[in-house]
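Have a look at the structure below, then the notes.
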Amino acid sequence: MKKILSTLLIATMTFSLLTGCSSKENTNQNTENKPAEKDTIVMYTNAEFAPFEYFEGEKIVGVDADIAAEIAKDLGKELKIEHINFDSLVPSLVEGKADFVAAGMTITPERQEEVDFSIAYVESIQNIISKNDAPIKTMDDLKGKKIGVQLGTTGDLAISDSINLDDGDLKGSGSEVVQYKNALEAAQDLLAGRLDAVVIDKLPAEEIVKNNSSLSSVIFGDISESYGIAVQKGNKELLDSINKTLQRLMDEGKVEEFITNHSE
Ligand code: ARG
């Protein structure tokens, strides 16, 4: 009996550790059947997208991290940032693993079916990166070429659609899309001659080019994209708070300041 009891105790303790619920929390809160208020807020991102999010040693920094710190401050909570693959961000948020996603993520109708977005905080456009000695500047130049993208991004969609859709500009031209988990690996492959071009958002393209004198980037197409912070569908309370923080930061010129700080 003693053995069973202690096993049970250990099992309960392990459960509490795993779920992060202590019995104290359970009895304190839930009088109105509300979920226990957490003092930590969890952001998911893909930290391979400077200046918006990148690793500085073990730490994730960047424009979105700076914005998230302000969101957490306004909520009076501690911020935890986790790095995962870009194409897993929306599914993870839907599953409730994160409170919000800030990842230079473009607000698209498809994503809006699964998550709710904040007000737009940055405008962007796709860029093409290519080698100076084999420049690629237009959709026409991309014909028959091997093009690297980051899996699940709007750049991926633009290129994959033009190759695969019947009325796509690159359809039947022999162009090939290569989808990378990490856009920096795509840039490496471009440098190594395994790709002809990389299609990625403007500021991240400029960061990559800045660090490689044999590469250049140009604006691709004319579709402007707006970045938003995503929350689970219906999480109005958090979204309202995020919108307030974003509006304040934009009014104070802070978003611009964060971009300048992380683009140096
Ligand atoms: N803006 C693009 C999109 O939403 C690319 C975002 C990539 N972000 C990242 N953290 N890797 O698809």
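Every number for a ligand or one of its atoms is a count from 1 in the order of the listing.
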When distances are taken from atom 12 (O) of ligand 1, the protein heavy atom at minimum range is Thr154 N, 2.8 Å
Distance from atom 8 (N) of ligand 1 to nearest protein heavy atom, with residue and atom
Ala103 O, 2.8 Å
No-hydrogen, no-angle side-chain donor-acceptor test under 3.5 Å, Thr106 and Thr108:
no
Can a donor-acceptor pair be found between the side chains of Thr40 and Glu78 at a distance below 3.5 Å?
no
Within ligand 1, which atoms have a heavy atom of Asp201 less than 4.0 Å away?
1 (N), 2 (C), 5 (C)
Just which atoms of ligand 1 are under 4.0 Å from any heavy atom in Phe86?
3 (C), 4 (O), 6 (C), 7 (C), 8 (N), 9 (C), 11 (N), 12 (O)
Pairs of nitrogen or oxygen atoms closer than 3.5 Å, one from Gln150 and one from ligand 1: do any exist?
yes
Do Asp141 and Thr138 have side-chain atoms, one donor and one acceptor, less than 3.5 Å apart?
yes
Got an N/O contact under 3.5 Å between Arg111 and ligand 1?
yes
Set of salt bridge (charged side-chain N to carboxylate O under 4.0 Å, His left out) partners for Lys145, sequence neighbours left out
none
Do the side chain of Ser175 and the main chain of Leu142 share a donor and acceptor less than 3.5 angstrom apart?
yes
Of all the non-hydrogen atoms in the protein, which one sits nearest to atom 6 (C) of ligand 1, and at what distance?
Gly104 O, 3.3 Å
How far is atom 11 (N) of ligand 1 from its nearest protein heavy atom, and which residue and atom is that?
Asn46 OD1, 2.8 Å
Using a plain distance cutoff, I'd like to know if Thr153 has any nitrogen or oxygen under 3.5 Å from a nitrogen or oxygen of ligand 1.
no
For the residue pair Tyr180 / Asp189, report whether a side-chain donor-acceptor contact shorter than 3.5 Å exists.
yes
